[in-house]
Amino acid sequence: MNAANYLYVSALLFTIGAIGVVVRRNAIVVFMCVELMLNAANLAFVTFARINGNLDGQVMAFFTMVVAACEVVVGLAIIVTIYRSRRSASVDDASLLKR
Amino acid sequence: MTSNYLVYLIALPLLGSALLLFAGRKADKWGHLLGTAMSGGAFVIGLYEFSQMLGRSTEQRAVTQKLFSWISVGSFQVDAGLMLDQLSICFVLLITGVGTLIHIYSIAYMSHDLDRRRFFAYLNLFIAAMLLLVLGDSYLNLYVGWEGVGLASYLLIGFWNQKPTYATAAKKAFVANRVGDMGLSLAIMIAFATLGTVSFAGVKEQASQASTGALTAIGIMLLVAATGKSAQFPLQAWLGDAMAGPTPVSALIHAATMVTAGVYLITRSNFIFDAAPTAQLCVAIIGAITLLFGAIIGTAKDDIKKALAASTMSQIGYMVLGAGLGPAGYAFAIMHLLTHGFFKAGMFLGAGSVMHGMDDEVNMRRYGGLSKFMPITFATFGLGYLAIIGVPPFAGFYSKDKIIEVAFNAGGIKGITLGCAALLGAAITAFYMTRVVILTFAGSKRWDDKAHPHESPVLMWLPMALLAIGSVASGFIFTRGNSLKNWLAPVVEQSPVHEGELLKPEVVSVLALVLVLLGVGLAVVKYLRKEIPLVAPTNVSIFTRIARRDLLQDDFNEAVFMKTGQKLTKALVVTDKSIIDGAVRGVAKLVQGSGSALRTTQTGFVRSYAMWILIGAIGLVAAIWVVTL
């Protein structure tokens with residue numbers, strides 16, 4: 001099977017994730033879209049590793065997973081805290097930094 | 001030779017001044033006595049040193065005392081050292097002697113003043129500073145004293161500073177003096193830059209090898225210094241206003257001692273001026289201009305103290321003229337300085353005594369016929385008057401005629417011009433001094449019935465009497481056997497043998513006497529034979545009006561220096577506000593404006609930031625794609 005197909009899938013996933021981050025308001029969904037973008041990147045890494053025949057991309061994918069795990073922990077904690085104080089998980093409500 | 005007592009000359013009055021200032025009101029009861037005692041103590045030390053000096057041979061007479069090493073920077077070495085030689089001892093005795101008499105006079109004169117203690121503190125400070133000025137053994141030490149007397153003069157002119165005009169007069173004196181001080185500091189800097197030393201002995205040694213240009217520059221700067229302190233043209237305007245101070249101050253500082261500091265400076269620097277003929281000629285010309293300038297102002301003043309101040313300016317002009325005539329004139333300049341110290345101090349104290357009896361009235365048009373009421377004041381003032389106009393055998397006759405004679409014998413057109421100026425000055429002096437005496441003591445009474453003129457107490461007339469004795473006898477003593485000239489010979493270069501005298505001394509004396517009699521006669525005709533109006537007549541010639549306005553000295557200064565100075569400061573303010581502040585404010589405005597413009601992009605919405613990031617990323621990718629394509 002042509003390895004380029006995996007890259008197309010990766011690009012598709014990334015686009016879906018990016019659009020989701022921009023258009024959705026719910027913080028949980030935005031968060032999931034971020035995860036989708038990270039995994040799209042992972043898929044691209046692994047594909048390139050396969051194409052080039054070395055393990056650099058594989059190693060990079062592991063790094064991304066670890067970072068994503070940490071990010072999930074911190075991000076969810078923030079979302080939960082915001083929800084508790086503001087009774088809303090909408091990212092547009094959390095726009096107080098402007099003033 | 002060294003002496004350990006020189007420092008006490010300065011230390012005693014300085015200590016007195018410090019004690020009186022720091023003790024505060026507690027010292028009010030005995031402050032004046034302490035001040036007088038300190039001044040008297042300095043006089044006694046001066047007399048002791050003088051007697052020691054007389055006992056030594058001519059070469060051994062000068063004594064020095066090194067106090068401490070003051071500045072030691074690389075090749076710049078200055079010791080705080082004192083030097084008492086034949087020239088300084090004249091000044092020491094004049095300062096402490098006349099100074100002590102004036103202290104005694106002030107005890108009575110200032111007895112009603114609540115701040116008498118402070119007055120004596122300042123007087124002592126002045127004595128200390130003036131002694132440092134004449135005792136310093138280098139230009140830098142002299143400079144300290146020079147500034148000190150400037151400070152004391154400022155404090156004393158503005159002693160009654162509750163009157164704004166008096167405070168302004170003090171400021172005016174201070175500013176005019178600063179211009180002169182700048183000259184002195186420049187002279188010291190040039191001396192160090194070109195000669196590598198600032199001590200009198202060192203400069204004297206180096207002067208023979210230095211270039212004439214450098215010496216001329218030093219000389220001119222020293223002359224600027226002298227014009228400031230000695231109220232010479234063109235820095236003379238402050239002296240008249242300085243009469244705002246109490247009368248003893250006018251007598252001590254603005255007649256007898258401080259204003260003669262310029263003459264001392266020039267005489268002390270004789271080795272510079274003798275090697276720089278241009279500077280020396282400038283000195284003589286300045287002296288001649290001032291002696292006429294002061295004399296003309298003197299004829300127009302109705303305020304007795306201002307008339308005497310103008311006379312002081314004129315007489316110091318004589319001294320500066322004498323000092324500017326080189327080796328032939330130094331000794332006579334100093335002689336005139338000493339005799340002038342006696343008679344002018346005496347006359348100022350006399351004026352103070354008149355004011356004391358007349359409820360501080362200074363307008364001579366409100367005096368008249370006071371000789372009956374104040375016989376002692378009249379007698380002492382009269383002796384001073386005879387001395388200043390130069391009637392033989394009074395002091396002024398010897399000293400002033402000698403200066404006129406030396407001026408005539410200076411040679412060429414220069415000699416004739418300077419000599420004629422000095423002669424003319426003598427005639428005008430006779431006129432205005434006669435006017436002062438007639439308006440004050442002769443004629444009919446012109447004062448209100450409220451005034452009760454009376455003779456002053458003994459503490460006041462005793463110093464006047466002693467000074468009157470000095471004005472009678474000093475000229476005779478100084479000239480007998482050329483005593484003063486020979487005494488000063490080791491300090492100032494001796495005059496060469498007279499080469500071709502233009503006028504014999506007798507001719508000069510007769511000429512001067514005839515002119516003096518003319519001046520006296522004119523004054524008698526004008527003021528004794530006629531009624532004196534109580535208010536100065538206004539329908540007078542333009543010349544009188546100009547003379548009354550001090551020959552437009554203030555108008556000139558205001559038009560040339562004050563107005564331009566104000567315009568300059570105004571221009572600077574505008575420049576500062578528009579250009580310098582403008583640049584600063586412009587930068588701030590720019591930052592502020594761009595900041596508020598950029599602020600609109602900060603929405604605070606996470607999603608819009610994400611959008612921007614996304615656009616950026618796409619843009620980046622697109623750019624890379626375009627580049628690699």
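Computed from a predicted model, the values in this text were never measured in an experiment. Excluded from the calculations below are hydrogen atoms, water molecules and symmetry mates; all remaining heavy atoms, backbone and side chain alike, are included. In what follows, chains are A, B, ... by sequence order, proteins preceding strands, each numbered from 1.
The existence of a salt bridge linking A/Asp93 and A/Arg86 is excluded, since no basic side-chain nitrogen approaches an acidic carboxylate oxygen closer than 4.0 Å. Ion pairing between a basic and an acidic side chain is recognised when a charged N comes within 4.0 Å of a carboxylate O; B/Arg178 and B/Glu147 show such pairing. Salt bridge status for B/Asp28 with B/Arg118: absent, with no side-chain N to carboxylate O gap under 4.0 Å.
Contacts of residues 64-76 of chain A with chain B at a heavy-atom distance below 4.5 Å are absent; not one residue qualifies. Along residues 19-31 of chain A, the residues that come nearer than 4.5 angstrom to chain B, judged on non-hydrogen atoms, are A/Val21, A/Val22, A/Val23, A/Arg24, A/Arg25 in order of number.
Using bins of under 30°, 30° to 60° and over 60° for the plane-to-plane angle, the ring pair B/Phe556/B/Phe561 lands in the perpendicular bin. Using cut-offs of 30° and 60° on the angle between ring planes, the pair B/Tyr166 and B/Trp160 is tilted.
Every residue two or more places apart in sequence or in another chain that forms a side-chain contact (heavy atoms from CB on, under 4.5 Å) with A/Asp56 is listed here: A/Asn54. Under the rule for a side-chain contact (heavy atoms from CB on, under 4.5 Å), the partners of A/Leu12 that lie at least two apart in sequence or sit in another chain are A/Ile16.
Contact of the B/Tyr143 side chain with the B/Val198 side chain is not registered, since no non-hydrogen atoms from C-beta on lie closer than 4.5 Å. Taking 4.5 Å as the limit, every side-chain heavy atom of B/Val249 sits out of range of all side-chain heavy atoms of B/Tyr122.
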